[in-house]
Novice: 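First, the structure itself, so that you have it in front of you.
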Amino acid sequence: MTDRVLLGNRGGEYGLWVSRPGFDVKTAGEDGLLMSTSIRTLQVVRSGSFSGTGVVGISWAPVGFRPRLFFGTQHAIQAITYTSDNSASINVYDMQGTVSSQWNVGSVPTLSSTTYWFAINEPA
Amino acid sequence: MVNRVLLDTGLKVSQPGVDVLSANPLQLLFNSDWSGLGVVQSGTWTAPWPGGSTMDVGGFINFTKTFSSIPFCAFFLVRGGYMSPLGYGNGFFTSVRNSDSGTQSRSALLAQVSTTGIQFRAMLYRVSNPGLVNVDYTVRYFVFDRNT
C-alpha cells in the first residue's frame, strides 16, 4: 500500500503533505500531491447566488481579508467593484437581448437570470 | 522553529515562517473551516462544421454525479492549437459584418449548466465573404466541486 500522508520531514522540509491515490507521498512531484504545506490550497471561503441583471449588490460574512470573486452566469459580468472587504457591487449586462437578435438559426435560447458566485482564499 | 500545523477541532496550516497559532487568515495555506475546491470532471465537446451556411447543433454532457447546487464550470474554445477562455462561465458570441450587404455572419457558443450536466449549443449563420473559417467548434470544459 502506498504511503499517502506525511506529517514530518519531507526532503529536508518539515510540514504536512497528502498525495493523490497511487502516488507515494515521500517522492511525489507537485502534480502528485493533493495538499502541500509548500503551497496554498485553493479553497472556497464564501459563496452565494442572486437573480437579475443590472447593478447588483452582494455581501458575505467577513473572512478577515478581501477575497477574490468568481462568477458563473449566462449573462455578462461587466464590472466588479468592492465596496468593502465583505461586499461588492456587480454590474451584470443582460445578454438576452443580444441573444434574441443575433441567434437566427433554430429556436432562440432563454438565458437563466441566476448568477452564482464564490470567493476564494486569495486576496482580491 | 515555528509551529505550522494545528490539528485540534480542525486542521490549519500556516505559511513558512508564520506561527499557525497567531496567523491571520491570509497567512494560512489550509484551513478546514473553508471548503476544498477541485476539478471533478473535464472533457471536450465538439460541434462539427456542417459544411453549409447554417448550423444549430446541441449536445448534453452528463455529470458523473448529480450536484446539490449548480457547479462552477470553466470553458475554453480550442482552435488552432490554443485555448481561448469563454466569457462569464457560460457562453460567448462573435459577429462578423459583411461590408457589402450590411448583413452579418454570426456564430455563437452557449453552455448552460444544471445540476446534472451541461447543455451545449453552437449556432452559425454564414453569409458570403463572412470572414469565418470552416472549422469545428471544440470546447474544453472543467467542472469544479467543493466539499463543504
Side-chain angles (χ1 to χ4, degrees), chain A residues 6-8 13-18 20 34-49 62-67 70-78 85 92-93 95 98-99 101-112 114-124, chain B residues 1-2 4-5 7 11 13-16 20 23-38 50 53-58 69-75 87-95 104 106-108 110-114 119 121-126 144 146-148:
Chain A
L6 173 60
L7 178 61
E13 180 181 354
Y14 285 88
L16 172 64
W17 293 267
V18 180
R20 292 166 54 191
L34 292 175
M35 178 184 164
S36 163
T37 47
S38 303
I39 60 174
R40 189 194 306 276
T41 300
L42 184 64
Q43 293 186 273
V44 173
V45 299
R46 296 288 185 263
S47 64
S49 64
V63 294
F65 58 92
R66 181 173 296 192
F70 287 87
F71 296 86
T73 179
Q74 295 178 23
H75 298 280
I77 302 294
Q78 289 190 308
D85 284 351
V92 185
Y93 180 77
M95 288 295 294
T98 302
V99 171
S101 66
Q102 296 288 320
W103 197 295
N104 60 349
V105 182
S107 60
V108 175
T110 299
L111 304 184
S112 167
T114 304
T115 295
Y116 299 88
W117 63 269
F118 64 88
I120 65 170
N121 57 336
E122 276 291 328
Chain B
M1 180 181 294
V2 298
R4 289 196 56 207
V5 179
L7 182 62
L11 175 64
V13 179
S14 62
Q15 294 175 339
V20 67
N24 67 45
L26 275 180
Q27 293 176 315
L28 295 176
L29 297 179
F30 182 83
N31 184 346
S32 59
D33 291 342
W34 300 331
S35 302
L37 184 68
S53 58
T54 63
M55 173 174 74
D56 182 16
V57 176
S69 61
I70 294 179
F72 179 75
C73 299
F75 302 94
Y88 320 116
N90 264 277
F92 91 115
F93 260 91
T94 61
S95 178
Q104 290 178 307
R106 73 257 340 244
S107 64
L110 183 66
Q112 296 178 299
V113 184
S114 65
Q119 177 66 58
R121 278 187 72 183
M123 184 278 287
L124 172 68
Y125 175 76
R126 184 170 64 92
F144 293 81
R146 18 186 204 113
N147 51 327
T148 58

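These values consider heavy atoms only, across backbone and side chains, with no hydrogens, waters or symmetry-generated copies. Reminder, nothing fancy here: chain letters follow the sequence lines and each chain counts from 1.
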Novice: Does any backbone or side-chain atom of A/Ile39 lie under 4.5 Å from a heavy atom of chain B? Answer side chain, backbone, both or neither.
Specialist: backbone
Novice: What distance do A/Leu16 atom CG and B/Leu11 atom CG have between them, rounded to the nearest 0.5 Å?
Specialist: 6.0 Å
Novice: For A/Phe118, is it the side chain, the backbone, both or neither that has a heavy atom under 4.5 Å from a heavy atom of chain B?
Specialist: side chain
Novice: Considering only heavy atoms, which portion of B/Gln15 lies under 4.5 Å from any heavy atom of chain A: side chain, backbone, both, or neither?
Specialist: side chain
Novice: Looking at every non-hydrogen atom in both residues, tell me the closest pair between A/Val44 and B/Trp34 and how far apart they are.
Specialist: O-CB, 3.5 Å
Novice: So what's closer than 4.5 Å to chain A heavy atoms on B/Asp33: side chain, backbone, both or neither?
Specialist: neither
Novice: Flag the pair A/Trp103 / B/Leu110 as yes when at least one side-chain heavy-atom distance between them is below 4.5 Å, and no otherwise.
Specialist: yes
Novice: At what distance, to the nearest 0.5 angstrom, does CG of A/Asn121 lie from OG of B/Ser35?
Specialist: 10.5 Å
Novice: Can you confirm whether more than 12 heavy atoms, excluding those of A/Phe65, are under 6.0 Å from its CZ atom?
Specialist: yes
Novice: In Å and rounded to the nearest 0.5 Å, what is the OG to CG distance from A/Ser47 to B/Leu37?
Specialist: 10.5 Å
Novice: Heavy-atom distance under 4.5 Å to chain B: side chain of A/Thr115, backbone, both or neither?
Specialist: neither
Novice: If you compare all heavy atoms of A/Gly64 against all heavy atoms of B/Pro25, which two are closest, and at what distance to 0.1 Å?
Specialist: CA-CG, 4.0 Å
Novice: Given heavy-atom pairs under 4.5 angstrom as the criterion, report whether the side chain, backbone, both or neither of B/Arg4 touches chain A.
Specialist: side chain
Novice: Which one wins on heavy-atom pair count under 4.5 Å against chain A: B/Leu26, B/Val5, B/Asn24?
Specialist: B/Leu26
Novice: Short question: side chain of A/Gln74, backbone of B/Gln112 - any donor-acceptor pair under 3.5 Å?
Specialist: no
Novice: I'd like to verify something: which residue of A/Leu42, A/Thr37, A/Thr114 has the highest number of heavy-atom pairs under 4.5 Å with chain B?
Specialist: A/Thr37
Novice: Do you know which two heavy atoms are closest between A/Gly106 and B/Arg121, and how far apart they sit?
Specialist: C-NH2, 4.3 Å
Novice: So how far is it from A/Ser107 OG to B/Asp56 CG, rounded to the nearest 0.5 Å?
Specialist: 6.5 Å
Novice: So what's closer than 4.5 Å to chain A heavy atoms on B/Leu28: side chain, backbone, both or neither?
Specialist: backbone
Novice: Could you pull out the closest heavy-atom pair between B/Val13 and A/Met35, with the gap in Å?
Specialist: CG2-CE, 3.6 Å
